[in-house]
Amino acid sequence: MKSVLHKATTRGHADHGWLESYHTFSFAGYHNPERNQFGVLRVLNDDRVAEAKGFGTHPHDNMEIVSIPLKGDLEHKDSMGNTTTIKEGDVQVMSAGTGIFHSEYNKNPDKEVRFLQIWVFPNKRNVTPRYDQISTKDIEKENSFYQVLSPNPEDEGVWVHQNAWFHLGKFEADATETYHFKNEGDGVYAFVLEGEVTINGQTLNKRDGYGIWETDSFEFKASTDSKVLLMEVPMELQAL
């Protein structure tokens with residue numbers, strides 16, 4: 001087994017006033033050649049959007065973009081004609097493909113928004129752009145990881161153009177689980193949203209990230225009440 005540990009305090013940081021963002025991997029003004037990506041996982045940003053502020057309309061292409069709100073409501077508009085609101089308990093995905101424009105805005109005048117912005121390299125280029133959004137309220141489980149993203153439209157959660165599987169888990173103290181990898185050659189990047197956990201004996205605290213690969217499973221234990229995101233992705237980027 002190989003692993004890499006990214007403590008929360010080692011992330012890149014940008015504070016624009018209306019937007020505060022912590023970057024696990026190189027992004028915008030933060031560049032760390034040792035932390036460009038984890039397999040096909042390219043971006044993991046932990047964002048705070050101030051009251052009545054937001055991202056103006058901007059473009060994306062050939063990227064699978066996943067947003068997971070952690071607090072508050074974020075209004076989304078895009079060039080595909082979607083106008084929606086994402087909130088805690090939702091998972092949003094966009095396949096940017098041949099190109100999209102979108103904006104995100106916190107309309108609430110007295111509450112901030114916190115959300116994860118995640119980019120995954122696709123396994124197909126120039127696909128038709130698409131949008132999807134789900135609530136996890138009907139699929140979430142206690143003390144167990146539950147799937148929120150996969151490569152398969154028929155599966156639980158949203159889907160992407162990549163052999164990737166995301167799981168969320170909300171655990172009470174002392175809960176344990178064994179995670180089994182879906183595919184040989186994959187890695188899992190674990191990101192702690194709340195609490196303290198151990199993975200194969202490595203202690204992780206809030207907003208720590210831990211990547212594991214060249215194994216087929218790992219042991220998980222919640223040391224305190226915890227919430228964790230697991231992102232299983234191919235470790236090799238296909239030439240497209």
Side-chain angles (χ1 to χ4, degrees), residues 8-9 11-25 27-30 42-60 63-96 100-120 129-142 146 148-149 157-160 166-171 191-195 205-209 224-231:
T9 54
R11 296 178 295 171
H13 180 232
D15 190 345
H16 304 287
W18 68 274
L19 170 68
E20 184 178 22
S21 184
Y22 288 89
H23 313 310
T24 293
F25 304 110
F27 187 86
Y30 168 64
R42 174 61 189 88
V43 168
L44 175 55
N45 287 350
D46 181 5
D47 289 348
R48 176 192 63 81
V49 181
E51 300 85 343
K53 301 292 183 181
F55 300 86
T57 302
H58 58 281
H60 293 283
M63 193 67 71
E64 302 294 300
I65 301 171
V66 182
S67 296
I68 302 179
L70 305 176
K71 178 183 178 182
D73 302 336
L74 193 65
E75 184 182 271
H76 163 95
K77 293 183 179 180
D78 65 45
S79 54
M80 294 176 279
N82 298 295
T83 300
T84 63
T85 300
I86 57 174
K87 56 187 180 299
E88 182 181 357
D90 291 345
V91 177
Q92 178 200 70
V93 65
M94 290 188 296
S95 297
I100 60 168
F101 289 85
H102 79 127
S103 62
E104 295 161 301
Y105 195 76
N106 176 10
K107 277 194 168 181
N108 200 306
D110 58 1
K111 293 181 181 178
E112 67 182 15
V113 168
R114 292 184 178 271
F115 78 109
L116 300 182
Q117 179 184 174
I118 303 166
W119 296 4
V120 176
R130 54 176 288 273
Y131 177 93
D132 198 10
Q133 173 184 340
I134 63 162
S135 170
T136 64
K137 298 299 184 183
D138 293 334
I139 61 175
E140 65 182 6
K141 302 174 183 177
E142 295 292 327
Y146 55 93
V148 297
L149 177 147
V158 296
W159 66 277
V160 291
F166 287 13
H167 290 77
L168 284 168
K170 187 177 181 180
F171 297 89
F191 190 65
V192 181
L193 301 176
E194 299 289 344
N205 293 289
K206 183 176 179 178
R207 299 309 202 261
D208 287 349
T224 66
D225 290 354
S226 305
K227 189 173 182 179
V228 179
L229 171 64
L230 300 182
M231 294 165 280

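Start at 1 with the first residue, then count along the sequence.
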SB check Lys170 Glu140 (cutoff 4.0 Å): no
Does a side chain donor of either Thr24 or Arg11 reach within less than 3.5 Å of an acceptor in the other side chain? no
Any side-chain donor paired with an acceptor under 3.5 Å for Thr85 and Glu75? no
Of the non-hydrogen atoms in Phe25 and Arg42, which two are nearest, and what is the gap between them? CB-O, 3.5 Å
So which atom in Pro129 and which in Ile100 form the shortest heavy-atom distance, rounded to 0.1 Å? CB-CG2, 3.3 Å
Side chains of Gln117 and Ser67: donor-acceptor distance under 3.5 Å anywhere? no
Candidate pair Tyr30 and Ser21, rule side chain to side chain donor-acceptor pair (under 3.5 Å), full reasoning: CA-CA 11 Å; Tyr30 168 64; Ser21 184; over 6 Å; no
Minimum side-chain heavy-atom gap Leu74-Phe115 below 4.5 Å: yes
For Val93 and Arg130, what are the C-alpha separation, side-chain angles and deciding distance, and is it a side chain to side chain contact (heavy atoms under 4.5 Å, CB included)? CA-CA 8 Å; Val93 65; Arg130 54 176 288 273; 4.3 Å; yes
Side chains of Ser226 and Glu194, heavy atoms from C-beta outward: is any pair under 4.5 Å? no
Asn106 side chain reached by Phe55 side chain, heavy atoms, under 4.5 Å: no
One should read off an interatomic distance between Leu149 CG and Ile134 CD1, to the nearest 0.5 angstrom, of 8.5 Å
Side chains of Asp15 and His13: is there a donor and an acceptor less than 3.5 Å apart? no
Measure the spacing between NZ of Lys77 and CD of Glu104 and express it to the nearest 0.5 Å. 13.0 Å
For Asp138, does the CG atom have more than 12 heavy-atom neighbours from other residues, nucleotides or ligands under 6.0 Å away? no
Would you call Val91 and Val66 a side-chain contact if the rule is heavy atoms closer than 4.5 Å? yes
Calculate, to the nearest 0.5 Å, the distance between atoms CD and NE2 belonging to Gln133 and His76 respectively. 8.5 Å
Flag, side chain of Asp208 to backbone of Ala8, donor-acceptor distance under 3.5 Å: yes
Less than 4.5 Å apart, any side-chain heavy atom of Ile65 and any of Ile118? no
Any salt bridge (charged side-chain N to carboxylate O under 4.0 Å, His left out) involving residues 47-59? Give me the pairs, sequence neighbours left out, ordered by first then second residue. Glu20-Arg48
Any heavy-atom pair between the side chains of Ile68 and Leu229 that's under 4.5 Å? yes
Roughly how far apart are Lys227 NZ and Lys206 NZ, rounded to 0.5 Å? 11.5 Å
Is the backbone of Gly56 close enough, under 3.5 Å, to the side chain of Ser103 for a donor and an acceptor to pair up by distance? no
For Phe166 and Val148, what are the C-alpha separation, side-chain angles and deciding distance, and is it a side chain to side chain contact (heavy atoms under 4.5 Å, CB included)? CA-CA 6 Å; Phe166 287 13; Val148 297; 3.8 Å; yes
Would Ser95 and Tyr131 count as having a side-chain donor-acceptor pair, cut-off 3.5 Å? no
Trp119 and Phe27 aromatic centres sub-6.0 Å: yes
Regarding Arg207 and Asp46, does a basic nitrogen lie under 4.0 Å from an acidic carboxylate oxygen? yes
Tell me, do Met94 and Met63 make a side-chain contact under 4.5 Å, heavy atoms counted? no
A side-chain contact here means heavy atoms from C-beta on lying under 4.5 Å apart; do Leu193 and Phe191 qualify? yes
Partners passing ring pair (Phe, Tyr, Trp, His ring centres under 6.0 Å) against His58 (at least two apart in sequence or in another chain): His60, His102
To check you understand the geometry: which heavy-atom pair defines the closest contact between Gly17 and Ala50, and what is its length? O-CB, 4.2 Å
